[in-house]
Amino acid sequence: MLLMREGLAGPERVLVDPEAIEKRTGKPHAINYYAVSPGGTLVAYGLSAQGSEAAVLHLLDTRSGHAVGRPITRTDYGSPNFSPDGRHLLFSRLQAMKPGMPATEKYQRSMTWLMRVGDDASKARPIFGLGVPGVDITPAEIPVATVTHDGRWLIGYVFNGTQREITLYASPAQPVLAGKPPRWTRLVTAADAVSGASYFDDGLYLLSHKDSPRSKVLRLSLKSPDIAQAEVIVAQGDQVVTGIASAADALYVERRDGNIKRLFKRAHAGGAALQEVKLPIEGSFRLNADESLASAADPRLPGLVLDLQSWNRTRQIYLVGADGTVSNSGLQPQGPYDAPTDIVATEVKVTSHDGALVPLSIIHRKGVALDGRNPTLLYGYASYGITEEPVFNPGRLAWLDAGGVLAVANPRGSSVYGQDWYKAGWQAAKPNTWRDFIACAEWLVAQRWTSPPRLGILGGSAGGILVGRAMTERPDLFAAVVSAVGALDMVRAEVTPNGVPNIPEFGTRTTEAGFRALLAMSTYHQVRDGAAYPAVMFTHGVHDPRVEVWHSTKTAARVAAATSSGKPVLLRLDYDAGHGIGNTRRQQLLERADVYAFLLWQMGVEGYQPKAP
């Protein structure tokens with residue numbers, strides 16, 4: 001639900017209720033994104049059905065609860081934002097698919113539009129994207145534009161699919177809001193290795209990994225934007241800089257220290273020193289969200305609002321003051337299961353096939369016996385530079401209550417140690433990811449946390465590459481494998497609508513080197529006739545727009561036909577779901593129950609075995 005609260009302790013009102021919409025339509029709905037106008041009088045939100053992520057953009061007057069204007073379609077990744085006076089709305093829209101157009105055109109030629117609030121979408125103007133003067137962009141790249149809080153600038157972001165490096169543009173905002181064309185100036189290109197930006201006082205702070213694999217922070221003036229002359233604000237250090245956010249009092253900097261996040265601040269004045277802000281919990285947080293461009297800070301206000309959690313403590317919302325004080329806002333009350341005292345995390349580094357040290361987090365009950373009998377679930381992802389950080393998931397308590405151990409790996413392909421670690425599991429180097437994962441599995445067995453008959457692996461989406469290839473390379477090592485909405489046929493993935501945006505991450509089959517790399521990471525093509533595969537469960541939502549459902553159906557059929565083990569190969573399809581992003585709470589719980597029951601069944605745990613008829 002989307003709710004509005006008057007102040008920290010004031011009353012709450014429901015603005016949008018997807019459950020009520022489901023009761024009215026018979027289809028589950030989800031809120032994909034939302035953005036609030038200055039002053040909070042308007043909210044723009046995207047709504048999609050059945051996990052499709054095909055969001056429709058709605059505008060709502062928060063005072064009356066009435067819709068403003070008509071819904072706008074093709075706004076799957078709408079990135080809406082308002083002008084400072086709340087009179088104009090910027091949003092991204094996909095092109096209209098005409099009869100006969102190939103499916104791969106779906107996410108190409110998108111555009112950022114500008115319209116007056118209340119106008120029909122037909123009156124919107126294209127201001128950023130392909131064909132706009134001053135903008136050099138390819139059809140596959142995704143343009144997003146925002147207005148700075150002071151109304152001085154339009155900032156244009158160009159995303160090349162899943163590539164982390166972005167291109168940035170700027171244009172004076174007021175003439176555009178008054179109806180004139182934008183005057184775009186390119187600030188940085190992908191070659192400048194910028195992965196994040198934060199505006200303050202006619203300048204941009206830039207997060208860049210150029211010549212700095214653990215990243216640095218630069219400041220670029222928008223009045224004389226020469227990236228070669230940008231000032232280094234935070235130099236590369238031992239920790240990995242992972243996020244930045246501008247508040248009125250300082251630039252806040254997020255750094256990763258091993259698997260733990262640290263918070264620092266630096267006053268905007270030149271020559272200021274970087275100071276650590278001590279947090280009450282050693283865990284994880286995020287200063288900004290890449291897809292929505294949302295930030296934990298506001299340049300008009302001092303301090304920031306921080307989500308903070310750990311392996312054994314649920315997300316709490318803290319207020320960080322300009323004086324360095326950190327206090328719990330009370331916005332997220334702590335429930336009876338949100339901070340279990342008998343759950344701990346053991347952090348280790350595992351030696352991989354070539355000597356690399358792979359971080360592995362083991363979440364378990366205190367006093368667990370290392371007798372090789374613990375049902376153990378090893379999880380990983382290892383793509384796009386996404387790092388598995390300490391987060392609390394109450395659903396994991398059911399696994400721990402059943403006597404289970406949860407292990408979370410950060411193989412190469414994540415960026416736990418920075419850009420070098422990410423690139424060492426990227427495209428042709430992808431085999432390092434599943435070999436790091438296999439090394440973690442072997443370590444758990446060698447240290448007697450578990451044994452192969454009691455070891456399962458789980459990966460979702462691009463994590464399907466990880467678990468699928470670990471299974472096909474070492475079928476003897478696992479009792480059970482779960483692939484959730486898994487990317488399993490990487491050779492053919494490129495011909496799907498979401499295949500083109502993923503070329504920067506996995507490569508293209510149009511070159512020999514690219515084809516060979518994709519073939520190596522493609523589970524479907526690595527299944528061998530007669531191999532004794534472990535039990536496998538493939539889960540998928542039929543409306544998945546990111547990984548087509550046929551990845552799971554064809555691979556399930558292939559494994560079932562090839563395996564000689566006699567162990568089950570199961571296919572769990574949800575016809576009211578997609579990639580999982582729009583799943584209702586009920587759908588999430590039902591799937592988790594099925595996955596855990598399947599794993600415990602195959603691990604021979606008492607109480608989870610089929611009963612005789």
Side-chain angles (χ1 to χ4, degrees), residues 1-2 16-35 43-60 67 69-81 89-113 115 120-122 124 126 129 139-144 159 161-162 289-292 460-461 484-485 487 493 495-502 540-552 573-584 587-588:
M1 295 183 185
L2 182 61
V16 186
D17 182 359
E19 292 185 7
I21 298 172
E22 180 180 3
K23 290 178 181 177
R24 188 170 69 248
T25 64
K27 298 177 181 179
H29 281 70
I31 299 171
N32 297 54
Y33 52 78
Y34 71 95
V43 61
Y45 66 94
L47 191 70
S48 65
Q50 295 179 288
S52 66
E53 299 181 51
V56 176
L57 178 63
H58 299 256
L59 268 179
L60 185 74
R70 298 170 62 184
I72 304 173
T73 58
R74 306 197 310 276
T75 50
D76 299 27
Y77 308 106
S79 302
N81 64 99
L89 175 70
L90 290 81
F91 61 93
S92 295
R93 196 178 194 191
L94 301 177
Q95 67 172 328
M97 292 292 286
K98 299 176 182 177
M101 291 178 66
T104 49
E105 288 289 315
K106 179 177 180 179
Y107 297 116
Q108 300 196 47
R109 295 179 176 82
S110 62
M111 183 77 71
T112 292
W113 299 77
M115 62 180 282
D120 188 82
S122 62
E141 292 180 308
I142 304 166
V144 175
F159 301 94
T162 58
D290 296 336
E291 291 186 1
S292 66
S461 192
V485 294
V495 304
T496 67
N498 198 39
V500 175
N502 275 280
H540 222 119
V542 172
H543 299 287
D544 191 338
R546 302 193 181 210
V547 180
E548 301 281 345
V549 68
W550 52 253
H551 281 263
S552 289
L573 299 181
D574 189 330
Y575 288 83
D576 280 322
H579 202 62
I581 294 164
N583 283 13
T584 65
Q587 286 173 307
Q588 294 173 27

> For the residue pair Lys106 and Pro497, what are the closest heavy atoms and their distance?
Replying inline: CB-CB, 4.0 Å
> Which pair of heavy atoms, one from Pro102 and one from Met97, lies closest together, and at what distance?
Replying inline: O-CE, 3.3 Å
> Judged by atom type as modelled, is there a donor-acceptor pair below 3.5 Å linking the side chain of Arg93 to the main-chain atoms of Arg74?
Replying inline: no
> Which atom names give the shortest non-hydrogen contact between Val485 and Gly541, and what distance separates them?
Replying inline: CG1-N, 4.1 Å
> side chain to side chain donor-acceptor pair (under 3.5 Å) with Asn498: which residues, sequence neighbours excluded?
Replying inline: none
> How far apart are the C-alpha atoms of Phe91 and Leu59, what are their side-chain angles, what is the distance that settles it, and do they pass the side chain to side chain contact (heavy atoms under 4.5 Å, CB included) test?
Replying inline: CA-CA 12 Å; Phe91 61 93; Leu59 268 179; over 6 Å; no
> Which of parallel (below 30°), tilted (30 to 60°) and perpendicular (above 60°) describes Tyr107 and Tyr77?
Replying inline: tilted
> Could you go step by step and tell me if Ile581 and Glu53 meet the side chain to side chain contact (heavy atoms under 4.5 Å, CB included) rule?
Replying inline: CA-CA 8 Å; Ile581 294 164; Glu53 299 181 51; 3.4 Å; yes
>> To check you understand the geometry: which heavy-atom pair defines the closest contact between Asn583 and Ala577, and what is its length?
In response: OD1-CB, 3.4 Å
>> Taking Pro143's backbone N and O only, do any of them form a donor-acceptor pair with Thr112's side chain (distance below 3.5 Å, no angle check)?
In response: yes
>> Keeping His543 on the side-chain end and Tyr575 on the backbone end, is there a donor-acceptor pair under 3.5 Å?
In response: yes
> Gly582 and Ala30: which non-hydrogen atoms are nearest, and at how many Å?
Replying inline: CA-CB, 3.5 Å
> Do Asp544 and Val549 come close enough that some side-chain heavy atom pair is under 4.5 Å?
Replying inline: no
>> Once rounded to the nearest 0.5 Å, what's the spacing between atom CD1 of Ile142 and atom CD of Gln108?
In response: 10.0 Å
>> Please report the interatomic distance OH(Tyr33) to CG(Asp76), rounded to the nearest 0.5 Å.
In response: 7.5 Å
>> Quick check for you: to the nearest 0.5 Å, what is the distance between His29 atom NE2 and Asp576 atom CG?
In response: 10.5 Å
>> If you count heavy atoms of other groups shown closer than 6.0 angstrom to OH of Tyr45, is the number above 12?
In response: yes
> Taking the side chain from Thr75 and the backbone from Ala55, do they hold a donor-acceptor pair closer than 3.5 Å?
Replying inline: yes
> Atom CG in Leu47, atom NE2 in His58: separation rounded to 0.5 Å?
Replying inline: 5.0 Å
> Quick one: does Glu105's side chain have a donor or acceptor within less than 3.5 Å of a partner on Gln95's backbone?
Replying inline: no
Extract all donor-acceptor atom pairs below 3.5 Å that involve side chains of residues 20-28 and protein atoms in other chains or at least two apart in sequence.
{"from": "Thr25", "atom 1": "OG1", "to": "Ile21", "atom 2": "O", "distance (Å)": "2.9"}
{"from": "Thr25", "atom 1": "OG1", "to": "Lys27", "atom 2": "N", "distance (Å)": "3.2"}
{"from": "Thr25", "atom 1": "OG1", "to": "Lys27", "atom 2": "O", "distance (Å)": "3.4"}

> Is a side-chain donor or acceptor of His540 paired with a backbone partner of Val547 at a separation under 3.5 angstrom?
Replying inline: yes
>> Before you tell me yes or no, could you show the steps for Trp113 and Met115 under side chain to side chain contact (heavy atoms under 4.5 Å, CB included), namely the whole-Å CA-CA distance, both residues' side-chain angles and the distance that decides it to 0.1 Å?
In response: CA-CA 7 Å; Trp113 299 77; Met115 62 180 282; over 6 Å; no
> Do Pro80 and Leu57 have side-chain heavy atoms sitting under 4.5 Å apart?
Replying inline: yes
> Quick check: are there more than 12 heavy atoms from other residues, nucleotides or ligands sitting under 6.0 Å from CD of Glu19?
Replying inline: no
>> Assess the residue pair Val144 and Phe159 against the criterion (side chain to side chain contact (heavy atoms under 4.5 Å, CB included)); give the C-alpha distance rounded to whole Å, side-chain angles, the decisive distance to 0.1 Å, and a yes or no.
In response: CA-CA 8 Å; Val144 175; Phe159 301 94; 4.0 Å; yes
